[in-house]
S.K.: 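Quick one: the structure is below, and I'll ask about it shortly.
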Amino acid sequence: MSEFGDATVRPSIPRGGISLVPAAIGAIIVLIVLVGAVFWFIIRVEVRANEILVLVNKTGKNVPAELADEFGDQVVLYPELVKAIAARTGETEEEVRSGYKGIRYEKLKEGRYFPNPYSFKSVKMGAVNIDQNEMGVLIRRFGKPLPFPKTVATEPDERGPVKGNLMPGRHNVNLLAHDVQRFPSVQIPEGHVGVVTLLSGDDPQEKNTYTVAPGEKGVQQETLPPGLEYYNPYLQQIDLVDVRSHKYDMLGDGAIFFPSNDSFTIRIEGTIEWAIHPDRVAEVTVAYGDGEDILDKVILPNARSISRIQGSKLRAGEFISGKTRTAFQERLLEELKRECRLRGIVIKAALVRDILPPAEIAALISQREQADQEMDRSKNRMEEAKSEAKLVVQREMQEQNRYLGDARRQVVTVTKEAEQRKTVAVTKARRELEVAKLALEAAEKEASAIRSRGQAEGNVILFEYKAKAEPLAMAVEAFGDGVTYAQQFFFRRVAPSIRSIVSNTEGPFADTLKQLQTFENGTQQGGGQ
């Protein structure tokens, strides 16, 4: 227990101290909500589809006065101006874009942004949509004025219409810095071309010409083919020119009148078909103009001039004849083609429908023409009769030639047959002669063979005898002569037989010898008596 009795001692707390913390927290929450509400409902900028956002610097420095002479009074902070300020002041380009008053050149696309409303003014604008059959031209509101005689801005710091054009589709254009002008596209139909004239460009190098080189100011030689063309009317001008064939009828007051060689007035009615040469459309358009101008300045003056020159060479009566009219028409077409070709015009046809002489001589000329025609018909009938007679003669000659041909064919046939028989006989005789020659040659060869064989056999026999005679000759030569050799040979052959006979005591030879011996003995005795 305390000294104060049972009473519990508690610390003293100031009245209201417990509610300060929640109040502070609540205040902070309220502040956050207020700041969030400000950002969300006041500062927040929602850029929706097909929109862009452009910021305008409300605070900052003014463009330096020393740049006013060069750039003038500018309210758009475009890139060239930003670079010039940065170079003059030594600041960065980003510092210049955010630190100087004026319209920002940059565009912000779709999204959510929280620009400072004190420093910036937020301007939302719709994107520029160019339709399919039109084109847009961008007009700069900033930059330096265009120098004379330029009509379009070709440099990034020049004011005025910008070179080029906006094609169909969406384009995010800062409409605080630019204007957009819309123009319809040009449809070049079939049978036409577009002649282009450059309103801005380099000065032509070659003076006093109808057309200029590409890129030079003036009418371009190259034309545009049929199709849809998008162009900048501040830079170009497109004129449609019809290059199809055209017909002009010279009738009534448009007919051609000229004096004939005999001083009668002749009227010619006809039709001329023409067209512009495709490679010289621009030149012809500049030199003469459209189709009516081409007729009045080129075709009709030349047609009248050529008709007068050529027609004055003929008499009035000669224009009635079809041959004369045809010749006149050919000369007119040839001369008119040549003259118009030099001027870029193609003459496709020049038809003379009618050539009318004066009425006071038309009947006389017609009668004379009829008489001439009758004479021509008579001459034609005479020529036909002559032709018929010639035809009869030709038929008779053909018949005669046919008989002669038959006879000649028969003679030729007999001659051919005789020649064929002769050829066959000669061929047969030649064949037999060749056979006889072959037989003779074979006999000669066989006789030669027989002679060769006989000679060979004789030589063999001769050689054999020579072989046998040579030892005999050598033997005879050894004995000295033939008789000695013959005796020796005889004795050699006979000696054995004689020896046998002499030695044999029996036999006829022995008996003979005995008789001789007896005879000799008796003789000897008788003589001794």
S.K.: Evaluate the side-chain proximity of L53 to V45: yes if any heavy-atom separation is below 4.5 Å, no if none is.
M.R.: yes
S.K.: Do V219 and V195 have side chains that get closer than 4.5 Å, going by heavy atoms?
M.R.: yes
S.K.: Specify the closest pair of heavy atoms between M135 and P184, including all atoms of both residues, with the distance to one decimal.
M.R.: CE-O, 3.3 Å
S.K.: Start with the C-alpha distance between K150 and E158, add both sets of side-chain angles, then the distance that settles salt bridge (Lys or Arg N to Asp or Glu O under 4.0 Å), and finish with yes or no.
M.R.: CA-CA 10 Å; K150 292 182 68 174; E158 290 180 341; 3.0 Å; yes
S.K.: Pick from V346, V281, V284: which one makes a side-chain contact (heavy atoms from CB on, under 4.5 Å) with V243?
M.R.: V281
S.K.: Does V162 reach the side chain of R140, with side-chain heavy atoms less than 4.5 Å apart?
M.R.: yes
S.K.: Got a second to check how far Q74's CD is from K144's NZ, nearest 0.5 Å?
M.R.: 10.0 Å
S.K.: Evaluate the criterion side-chain hydrogen bond (donor to acceptor under 3.5 Å, both in side chains) for residue pair R48 and N50; output intermediate values, then yes/no.
M.R.: CA-CA 6 Å; R48 297 180 178 83; N50 207 30; over 6 Å; no
S.K.: Just by distance, no angles: are the side chains of D249 and T271 close enough, under 3.5 Å, to form a donor-acceptor pair?
M.R.: yes
S.K.: With rounding to the nearest 0.5 Å, note down the distance linking CE in M375 to CG in N380.
M.R.: 11.5 Å
S.K.: Please give me the minimum heavy-atom distance between Q187 and L240, naming the atom from each residue.
M.R.: O-CD1, 4.0 Å
S.K.: If we count only N and O atoms by modelled type, under 3.5 Å, do the side chains of K348 and S245 hold a donor and an acceptor together?
M.R.: yes
S.K.: Looking at K124, I want to see if its NZ is surrounded by more than 12 non-hydrogen atoms of other residues, nucleotides or ligands under 6.0 Å.
M.R.: yes
S.K.: Do R141 and D179 meet the salt-bridge criterion of a basic N to acidic O distance under 4.0 Å?
M.R.: yes
S.K.: So does K386 have more than 12 non-hydrogen atoms from other groups sitting under 6.0 Å from NZ?
M.R.: no
S.K.: For E339 and R343, what are the C-alpha separation, side-chain angles and deciding distance, and is it a salt bridge (Lys or Arg N to Asp or Glu O under 4.0 Å)?
M.R.: CA-CA 7 Å; E339 293 296 328; R343 295 164 176 81; 3.4 Å; yes
S.K.: Crowded around R381 CZ? As in, over 12 foreign heavy atoms under 6.0 Å?
M.R.: yes
S.K.: What heavy-atom pair brings K58 and F120 nearest, and what distance separates the two atoms?
M.R.: CE-O, 3.5 Å
S.K.: Go through K337 and E335 one step at a time and tell me if the salt bridge (Lys or Arg N to Asp or Glu O under 4.0 Å) criterion holds.
M.R.: CA-CA 5 Å; K337 277 185 175 181; E335 294 289 334; over 6 Å; no
S.K.: Could you tell me whether E110 atom CD has more than 12 heavy atoms of other residues or ligands within 6.0 Å of it?
M.R.: yes
S.K.: Give a yes-or-no answer on whether the side chains of T211 and Q221 include a donor-acceptor pair shorter than 3.5 Å.
M.R.: yes
S.K.: Angle class for the F142/Y78 ring planes (parallel below 30°, perpendicular above 60°, tilted otherwise)?
M.R.: parallel
S.K.: Determine the minimum heavy-atom distance between W274 and I294, stating which atoms define it.
M.R.: CZ3-CG2, 3.9 Å
S.K.: May I have all residue pairs that pass side-chain hydrogen bond (donor to acceptor under 3.5 Å, both in side chains) and include part of residues 281-308, sequence neighbours excluded?
M.R.: R280-E283
S.K.: Just one of V56, V75, V76 clears the side-chain contact (heavy atoms from CB on, under 4.5 Å) bar with L176, so which one?
M.R.: V56
S.K.: Does the ring of Y105 carry K107 above it, NZ/CZ under 6.0 angstrom from centre and within 45° of its axis?
M.R.: yes
S.K.: For a quick test of reading the model, state the closest non-hydrogen atom pair linking L199 to K217 and the distance between them.
M.R.: O-CD, 3.5 Å
S.K.: How about NZ on K121, more than 12 heavy atoms from neighbouring residues, nucleotides or ligands closer than 6.0 Å, or not?
M.R.: no
S.K.: Can you see which heavy atom on R267 is nearest to which on A255, and at what distance?
M.R.: CG-CB, 3.7 Å
S.K.: Salt bridge check: are E46 and R44 linked by an N-O gap of less than 4.0 Å?
M.R.: yes
S.K.: Do the side-chain N and O atoms of E94 and T92 include a donor-acceptor pair separated by under 3.5 angstrom?
M.R.: no
S.K.: Would you say the side-chain atoms of Q181 and Y234 include a donor-acceptor pair closer than 3.5 Å?
M.R.: yes
S.K.: With a 6.0 Å cut-off (strictly less than), is the heavy-atom count around OH of Y210, excluding the residue itself, greater than 12?
M.R.: no
S.K.: State whether E95 and R97 are salt-bridged, where the test is any N-O pair (Lys NZ or Arg NE/NH1/NH2 against Asp/Glu carboxylate O) under 4.0 Å.
M.R.: no
